[in-house]
Amino acid sequence: MSPLLEVEDLAVEFGGTRVVRGVSFQVEEGETVAVVGESGSGKSVTAQSLLGLVPHGARLAGGHIRIEGQEVTGLAEEQWRKLRGERISMIFQDPLSALNPSLTVGYQIGEMFRRHRGLGRKEARGRSAELMALVGIPDAARRLDEYPHRFSGGMRQRVMIAMALALDPRLLIADEPTTALDVTVQAQILRLLRERQRAERLGMILISHDLGVVARAADRIAVMYAGRIVETGTVPEVYERPAHPYTRGLMRAVPSLRDDRPLEMIGGGPPDLSKPLTGCSFAARCPFARDVCRENDPEPRPLGPGRTSACHFAEEVIAHA
Ligand SMILES: Nc1ncnc2c1ncn2[C@@H]1O[C@H](COP(=O)(O)OP(=O)(O)OP(=O)(O)O)[C@@H](O)[C@H]1O
Ligand code: SF4
Ligand SMILES: [Mg+2]
């Protein structure tokens, strides 16, 4: 059977600059894959491409995206519109900018049912109230008639989750869904996402800066650096025995994951992708770098089932965990 989502060698360019450089990964039904990596590494552009929503000025420059075995690259906008919401949906970091301030919350959720399912007003309203209750909005029947600004940040994010789940999609993409929320609300929203994901056997892509969030919420992790996935594996594998020096650096910079050793920061910054790149994109910052690294760009290679690393010296890095 085909995986729920299969991304193969995806490339996205802004002008002549390739910001997503050959990204490949899969998501199976019922699993959560976290995508982590520093700002600008290409997480959001990758996620948007999966919904046929490359940002203005960007272009899909190559690769394949398959949803339940169906090739979706090259679909017309009209076909994408059917896929979005019905098979894949997305939750953004900032729910306020995704909601219309001049329409009630109930109207906006109901719109999903009216537009995609052809339901009448009353029926759509009933379904919206059910969904709001399902995502933990108290007193849902009454709150349907309120406008988004009356909702707290956490409650707005619940509204977004309700809208994302309305049409029973198979894959949910959550791009930094909790960074705008305070810590206790973050935990509640993650718990809700995890609960719905398990109940519906959804595939989920969770994009996050926060390695603590990822450790709790994901099954597998994909680490992005400079437009490429440099490591994949299960959460315990990648946390305990990273196979790429960049991941190793990320783990060492997180206080809660480390007990005794002092914190280490990764010095320097990512390469400028608008300039030609020879060799490994991490070489300038890498404590393991050798001459070969500056000459040959390491392709991601399998290290075991579901485990990949784009490092010439992956085995050595694992041994140094
Ligand atoms: N509208 C745009 N025009 C030009 N370049 C862009 C645009 N949007 C993104 N980029 C570039 O694409 C690259 C990837 O951006 P992306 O937003 O995917 O990063 P990210 O990993 O999501 O970062 P963050 O963690 O900050 O959200 C960056 O180098 C960015 O400069
Ligand atoms: S290939 Fe070389 S420079 Fe790149 S991450 Fe591995 S050791 Fe470091
Ligand atoms: Mg982003």
Side-chain angles (χ1 to χ4, degrees), residues 7 10-23 25 34-51 53-61 90-94 97-98 173-180 205-211 213-214 221-231 238 242-252 266-275 277-301 303 308-321:
V7 180
L10 185 74
V12 181
E13 290 181 358
F14 278 103
T17 303
R18 194 161 279 213
V19 297
V20 174
R21 305 182 303 132
V23 160
F25 68 102
V35 179
V36 302
E38 66 199 332
S39 191
S41 57
K43 305 180 297 294
S44 295
V45 173
T46 300
Q48 286 156 6
S49 309
L50 304 180
L51 286 155
L53 294 172
V54 286
H56 186 70
R59 172 180 89 85
L60 209 65
M90 183 136 167
I91 299 166
F92 298 91
Q93 175 178 344
D94 176 12
S97 67
I173 303 177
D175 191 353
E176 305 274 3
T178 62
T179 31
I205 298 177
L206 176 66
I207 299 176
S208 180
H209 275 105
D210 186 332
L211 290 167
V213 159
V214 166
I221 179 168
V223 181
M224 281 196 82
Y225 183 77
R228 181 171 275 184
I229 291 179
V230 294
E231 173 161 6
V238 173
H244 191 283
Y246 174 62
T247 317
R248 185 173 180 267
L250 281 183
M251 299 304 167
R252 291 182 168 235
I266 311 175
D272 178 355
L273 293 176
S274 67
K275 305 221 167 73
L277 197 68
T278 359
C280 176
S281 59
F282 192 59
R285 306 168 78 181
C286 180
F288 291 81
R290 289 310 129 102
D291 288 346
V292 60
C293 303
R294 284 173 276 268
E295 287 148 22
N296 296 330
D297 184 10
E299 291 289 327
R301 61 186 168 96
L303 298 173
T308 61
S309 168
C311 172
H312 293 307
F313 301 106
E315 290 77 7
E316 188 184 323
V317 179
I318 292 176
H320 274 84

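On a predicted model such as this, the values are computed, not experimentally measured, just so you know. Remember, it's 1-based here, ligands and their atoms both numbered in the order they're listed.
In terms of heavy-atom proximity, Val23 sits nearest to Gly227 at CG2-O, 3.7 Å. Of all heavy-atom pairs between Ala243 and Glu231, the closest is N-OE2, 2.8 Å. In terms of heavy atoms, Arg285 sits closest to Pro287 at O-CD, 3.5 Å. The heavy-atom pair separating Cys311 from Pro245 by the smallest distance is SG-CD, 3.8 Å. In terms of heavy-atom proximity, Lys43 sits nearest to Gly37 at NZ-O, 2.8 Å.
Ionic pairing of Arg301 and Glu315 is present here: one or more N-O contacts between side-chain nitrogen and carboxylate oxygen are shorter than 4.0 angstrom.
When hydrogens are left out, the protein atom nearest atom 24 (P) of ligand 1 is Ser39 OG, 3.6 Å; that is the closest non-hydrogen contact. If you check which protein heavy atom lies closest to atom 16 (P) of ligand 1, you get Val45 CG2, 3.8 Å. Ranking protein heavy atoms by distance to atom 7 (C) of ligand 1, first place goes to Phe14 CZ, 3.1 Å. For atom 25 (O) of ligand 1, the nearest protein heavy atom (residue, atom name, distance) is Lys43 NZ, 2.7 Å.
Within ligand 1, the atoms closer than 4.0 Å to a non-hydrogen atom of Gly40 are 13 (C), 14 (C), 19 (O), 20 (P), 21 (O), 23 (O), 24 (P), 26 (O), 28 (C), 29 (O), numbered from 1 in the order shown. Close approach to Ser41 involves these atoms of ligand 1, each under 4.0 Å from a residue heavy atom: 19 (O), 21 (O). Taking a cut-off of under 4.0 Å to the non-hydrogen atoms of Ser44, the atoms of ligand 1 that pass are 17 (O), 18 (O), 20 (P), 22 (O), 27 (O). When each atom of ligand 1 is checked for a heavy atom of His209 under 4.0 Å away, the hits are 25 (O).
Ligand 1 lies nowhere less than 4.0 angstrom from a heavy atom belonging to Gly37. Contact between Gly57 and ligand 1 is absent, with no heavy atom of the residue lying under 4.0 Å from the ligand.
Residue Asn296 holds its CG atom at 5.0 Å from NE2 of His312, rounded to the nearest 0.5 Å. Between the OG1 atom in Thr179 and the CG atom in Asp210 there is a gap of 9.0 Å [rounded to 0.5 Å]. Atoms CD and CG, on Glu38 and Leu250 in that order, are 7.5 Å from each other to the nearest 0.5 Å. Here Tyr246 contributes atom OH and Cys280 contributes atom SG; the two are 12.5 Å apart, rounded to the nearest 0.5 Å. Rounding to the nearest 0.5 Å gives a distance of 7.0 Å between NE2 of His209 and OG of Ser41. To the nearest 0.5 angstrom, Phe14 atom CZ is 12.0 Å from Leu273 atom CG.
Not counting sequence neighbours, Glu295 has no partner by the salt bridge (Lys or Arg N to Asp or Glu O under 4.0 Å) test. For Arg21, there are no salt bridge (Lys or Arg N to Asp or Glu O under 4.0 Å) partners two or more places apart in sequence or in a different chain.
Proximity of atom 20 (P) of ligand 1 to the protein is indicated by at least one non-hydrogen atom lying closer than 4.0 angstrom. For atom 30 (C) of ligand 1, no protein heavy-atom neighbour is found at a distance under 4.0 Å.
Taking distance alone, with nitrogen or oxygen atoms compared against 3.5 Å, Val19 stays at or beyond that limit from ligand 1.
Using cut-offs of 30° and 60° on the angle between ring planes, the pair Phe282 and His244 is tilted.
For atom 8 (Fe) of ligand 2, the set of protein N/O/S atoms nearer than 2.8 Å consists of Cys286 SG, ordered by chain and number. Around the Mg ion (ligand 3), the protein atoms of type N, O or S that sit closer than 2.8 Å are Ser44 OG.
Here the options are Ile205, Leu206, Asp175, Ile229, the test is side-chain contact (heavy atoms from CB on, under 4.5 Å), and the partner is Val35; only Ile205 passes.
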